[in-house]
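Please read the structure below before turning to the comments.
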Amino acid sequence: MRTPAKARAPRPRTSQSMLFPAPVGGWIANRSKALSRGPGMPPGAAVLENWFPTATGAKLRRGTKRHATIGVGEDPVFSLFTYHVGTQEQMFAATMTTIYDVSNITNAYPLEIGVGDGDVLGANAPDEAVGDPPDPGVVMLSGQTNGSWVVSPMTTSGGNFLRGVNGSDVPWVYDGATFSTTPALTFGAGEQAEPQDLSFVWTYKRRQFFIRGNSLDAYYLPVDNVGGELAVLPMGAVFSLGGSLLFGASWSLGTSSAGGLSAQCIFVTTEGEVAVYQGSNPGDINDWSLVGVYRIGKPLGKEAFIRAGGDIIIATTIGFLPLSVAIQKDVAALATGAVSSPIEEAWTEAVLRRGQGDWQCVTWSDQSMVLIAPPVSDDRTVFVANANTGAWCKFTGWMPRCWAVWRGGLYFGSDGGQVVQANITGSDQGGTYTGRYMGLFDDLGAPASRKLARFARATLQSTVAITPDVAVAFDWRMDFPAAPNAEPAQVDNVWDGAAWDQAVWDSASLSSVYNQWTSVGGSGARLAPVVQITSGSIIPIDAEMVAVELTYSGADIVT
């Protein structure tokens with residue numbers, strides 16, 4: 001008599017592993033959510049916050065340090081600009097009323113003596129206060145009504161100058177020592193304009209050009225002059241969409257009617273039209289010609305552009321657009337050629353939420369960064385791109401109103417009257433910040449089945465010992481665990497923090513590899529690794545993420 005076969009015991013599920021390379025492709029906000037990777041697609045991230053994508057990984061950004069406090073009360077810093085001739089390097093910062101030289105600051109913070117309960121010794125009797133207020137720098141110009149200065153350098157036989165305009169106050173000239181309203185700018189007979197109406201200035205072929213605010217009129221000086229009578233260049237008939245001129249620039253195009261690399265003079269309107277001219281003298285019909293008028297999105301401010309080699313890239317309502325692309329495509333097709341195409345959805349949302357004016361752009365060549373700050377708001381987001389790879393991320397916790405690159409460092413002006421050096425320490429002026437990474441969601445080759453996450457580890461190179469917080473997100477839920485505590489500061493080999501004859505000189509700058517498995521939980525059809533690190537000490541962590549590994553087991557098909 002047959003006996004029934006013994007039931008076979010279920011086999012234990014075996015774990016599988018998956019490697020997620022570091023997001024060298026940066027923040028991705030224009031790819032199908034169901035397509036995490038494919039041939040020719042670099043690994044990217046659904047969230048890349050305070051991590052900067054490099055060619056080899058992603059580096060945690062550094063923090064900020066206050067350089068100067070120039071505002072009285074909470075006066076914002078509206079503009080920063082520099083003067084560099086030979087060995088003379090100066091940086092200037094402007095509030096609404098005053099321009100300061102902030103090149104040599106003795107103390108950025110008030111050096112006051114506290115007596116407990118938040119009181120300052122002498123606070124009720126200022127003449128008897130003990131300590132020093134913050135050093136705001138040297139007052140160079142006061143009594144102004146608008147701090148949003150636009151400057152342009154100009155070299156003549158008389159020296160090296162900066163010309164500054166803001167559309168409200170009388171323009172000035174800086175000669176390396178003093179700010180002066182002479183040599184003055186004047187207008188020809190019959191011109192209904194005043195020098196304080198000039199809102200933008202740039203230099204093209206040894207000649208300074210100006211824009212009169214809220215108009216379609218440009219003006220220009222004779223060659224090699226920083227003052228004198230301005231000749232008018234009316235442009236109302238050139239632009240079909242109207243609006244007003246916003247900014248101008250010198251632009252080099254690889255091929256032109258002149259053949260080869262050739263400098264062009266461009267004029268950009270608030271409605272997103274760009275007129276391109278060739279020649280040297282607008283007053284000579286034989287030496288000045290219109291190349292064409294092209295459409296771009298509406299520009300996001302008069303400082304919302306950068307130079308990239310000879311090209312100009314403009315922040316517009318439809319993306320961060322190279323002018324070289326705009327002259328080749330219809331405006332309806334420009335979005336695909338935008339440098340900001342990988343973050344298209346995030347860019348569009350920022351334009352809707354933050355408005356179409358006063359965006360600030362800067363290139364920091366020393367760190368291969370391009371930074372774009374929308375108008376100041378509570379979310380404190382700055383768009384950042386790798387100038388070499390084109391990969392994007394965002395920095396949070398900064399509130400730049402304006403940018404400057406000076407002595408190789410990056411600076412910004414803030415709402416609180418501060419000039420702040422960026423990417424310099426391990427904290428944001430004493431506060432913490434968190435690097436957050438979430439990879440693109442991946443079905444791991446089995447889109448219909450559920451996966452049970454087991455263990456995960458992030459591999460990082462760092463100059464200090466770190467333990468990142470590693471987790472897994474599921475099925476496009478963009479939720480992060482609570483931010484981890486700040487990594488403790490390592491002081492063993494920091495100047496004035498190590499025991500004599502015990503620390504190795506400069507050993508703090510040597511990177512070590514850190515990777516430790518941690519248990520993770522949860523399940524879903526699609527998984528994304530999550531890595532967080534919080535920094536908050538004076539010593540930068542300088543961690544670079546190399547990869548994230550995940551072990552998981554497959555479950556039944558999701559029904």
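- A centroid separation of less than 6.0 Å is found between the aromatic rings of Phe247 and Phe305.
- For the residue pair Thr56 and Val24, the shortest heavy atom distance occurs at C-CG1, 3.8 Å.
- Ser215 places no side-chain N or O within 3.5 Å of a backbone atom of Ser244 that could act as its donor or acceptor partner.
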Evaluate the criterion ring pair (Phe, Tyr, Trp, His ring centres under 6.0 Å) for residue pair Tyr219 and Phe187; output intermediate values, then yes/no.
-> CA-CA 9 Å; Tyr219 296 84; Phe187 294 86; 5.2 Å; yes
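- Of the possible donor and acceptor atoms, one in the side chain of Asp169 sits under 3.5 Å from a partner among the backbone N and O of Thr145.
- Salt bridge absent: Arg62 and Asp428 never bring a charged side-chain N and a carboxylate O closer than 4.0 Å.
- The ring-ring contact (aromatic ring centres under 6.0 Å, His included) with Phe92 is formed by just one residue from the set Phe179, Tyr100, Trp149; it is Phe179.
- One side chain, Asp311 or Ser324, offers a donor N or O that lies under 3.5 Å from an acceptor on the other.
- Side chains of Phe20 and Pro43 form no contact here, defined as non-hydrogen atoms less than 4.5 Å apart.
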Before giving the answer on side-chain contact (heavy atoms from CB on, under 4.5 Å), spell out for Leu141 and Trp172 the whole-Å C-alpha distance, their side-chain angles and the decisive distance to 0.1 Å.
-> CA-CA 9 Å; Leu141 186 67; Trp172 48 255; 3.5 Å; yes
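- Atoms CD1 and CG, on Ile28 and Leu440 in that order, are 6.5 Å from each other to the nearest 0.5 Å.
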Run the numbers on Val370 and Val362 for side-chain contact (heavy atoms from CB on, under 4.5 Å), then give the verdict.
-> CA-CA 6 Å; Val370 175; Val362 69; over 6 Å; no
Go through the steps to decide whether Lys59 and Trp51 satisfy the test side-chain contact (heavy atoms from CB on, under 4.5 Å), and finish with yes or no.
-> CA-CA 5 Å; Lys59 287 186 176 180; Trp51 291 95; 5.7 Å; no
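- Two residues are said to be in side-chain contact when any heavy atoms from C-beta on lie closer than 4.5 Å; Tyr204 and Trp251 fail this criterion.
- A donor-acceptor pair is defined here as one N or O able to donate and one able to accept, closer than 3.5 Å; such a pair exists between the side chain of Asp475 and the backbone of Ala525.
- Using a 4.5 Å cut-off on side-chain heavy atoms (C-beta onward), Thr317 and Leu300 make contact.
- Ring-plane geometry between Tyr83 and Tyr174 is classed as perpendicular, the angle between the planes exceeding 60 degrees on a 0 to 90 degree scale with a lower cut at 30.
- With salt bridges taken as basic N to acidic carboxylate O contacts below 4.0 Å, none links Glu273 and Arg295.
- When side chains are defined from C-beta on, Val201 does not count as touching Val151, because their heavy atoms never get closer than 4.5 Å.
- With Leu198 as the partner, the side chain to side chain contact (heavy atoms under 4.5 Å, CB included) test is satisfied by one option alone out of Val165, Val170, Ile211: Val165.
- Two residues are said to be in side-chain contact when any heavy atoms from C-beta on lie closer than 4.5 Å; Ile70 and Val102 meet this criterion.
- Asn214 CG: 12 or fewer foreign heavy atoms inside a 6.0 Å radius.
- One finds a salt bridge joining Arg401 and Asp415 here, because a Lys/Arg side-chain nitrogen approaches an Asp/Glu carboxylate oxygen to under 4.0 Å.
- Looking at Thr336, its side chain does come within 3.5 Å of a backbone N or O of Ala333 through a donor-acceptor pair.
- A donor-acceptor pair under 3.5 Å is absent between the side-chain atoms of Trp27 and the main chain of Pro342, judged by distance alone.
- When only modelled atom types and interatomic distance are considered, Asn386 and Ser368 share no side-chain donor-acceptor pair under 3.5 Å.
- Between Met438 and Arg477, the closest heavy-atom pair is CE-O, 4.1 Å.
- What you find for Ile306 and Cys361 is that their closest heavy atoms are CG2-CB, 3.6 Å.
- Not one N or O on the side chain of Arg163 forms a donor-acceptor pair closer than 3.5 Å with the backbone of Met154.
- Checking Thr54 against Glu544 by side-chain atom types alone, a donor-acceptor pair falls below 3.5 Å.
- Here the shortest heavy-atom pairing between Leu80 and Ala404 reads CB-CB, 3.6 Å.
- The CG atom of Asn225 lies 13.0 Å from the OH atom of Tyr220; values are rounded to the nearest 0.5 Å.
- Taking 4.5 Å as the limit, every side-chain heavy atom of Phe267 sits out of range of all side-chain heavy atoms of Thr269.
- Using a 4.5 Å heavy-atom threshold, the side chains of Thr155 and Asn160 count as touching.
- With Thr389 contributing its side chain and Ala391 its backbone, the two residues share a donor-acceptor pair below 3.5 Å.
- Rounding to the nearest 0.5 Å places OG of Ser250 at 13.0 Å from CZ of Arg207.
- At most 12 non-hydrogen atoms from other residues, nucleotides or ligands lie less than 6.0 angstrom from CD1 of Ile285.
- Classification of the Phe383-Trp347 ring pair by plane angle, with boundaries at 30° and 60°, yields parallel.
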Apply ring pair (Phe, Tyr, Trp, His ring centres under 6.0 Å) to the pair Tyr433 and Phe395, showing each step before the final yes or no.
-> CA-CA 10 Å; Tyr433 61 91; Phe395 289 172; 9.0 Å; no
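- Between Arg206 and Asp224 a salt bridge is recorded (basic side-chain N to carboxylate O distance below 4.0 Å).
- Between the side chains of Asn146 and Ser168, at least one donor N or O lies within less than 3.5 Å of an accepting N or O.
- Judged by distance alone, with hydrogens and angles left aside, the side-chain atoms of Thr381 form no donor-acceptor pair with the main-chain N or O of Thr396 at under 3.5 Å.
- Annotation: cation-pi geometry not satisfied between Arg61 and Phe52 (NZ/CZ under 6.0 angstrom from ring centroid, within 45° of ring axis).
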Show your reasoning for whether side-chain contact (heavy atoms from CB on, under 4.5 Å) applies to Val382 and Trp403.
-> CA-CA 12 Å; Val382 176; Trp403 299 104; 3.9 Å; yes
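- Of the possible donor and acceptor atoms, one in the side chain of Thr316 sits under 3.5 Å from a partner among the backbone N and O of Ile318.
- Minimum interatomic distance between Gly147 and Ala94 (heavy atoms only, all atoms of both residues): O-CB, 3.7 Å.
- Pro42 approaches Arg31 most closely through the heavy-atom pair O-NH2, 3.9 Å.
- For the atom pair OG1 of Thr434 and CD1 of Ile533, the computed distance is 10.0 Å after rounding to the nearest 0.5 Å.
- Note that CD of Glu345 and CD1 of Ile343 are 11.0 Å apart. Values are rounded to the nearest 0.5 Å.
- The OG atom of Ser289 sits 11.0 Å away from the CG atom of Asp284 when rounded to the nearest 0.5 Å.
- In the model, Arg66 has a side-chain atom that pairs as donor or acceptor with a side-chain atom of Gln429 under 3.5 Å.
- Looking at Leu323 and Tyr294, their side chains never come closer than 4.5 Å, going by heavy atoms from C-beta outward.
- Residues Asp217 and Arg212 are paired through a salt bridge, judged by an N-O separation under 4.0 Å between the basic side chain and the carboxylate.
- Heavy-atom contacts from other residues, nucleotides or ligands closer than 6.0 Å to CG of Asp542 number more than 12.
- Inspection of the Asn166 and Ser148 side chains reveals no N or O donor paired with an N or O acceptor under 3.5 Å.
- Side chain of Trp359 to backbone of Gly355: a donor-acceptor contact under 3.5 angstrom is found.
- In this pair, Trp202 and Phe200 present their aromatic rings tilted. The plane angle is within the 30 to 60° band.
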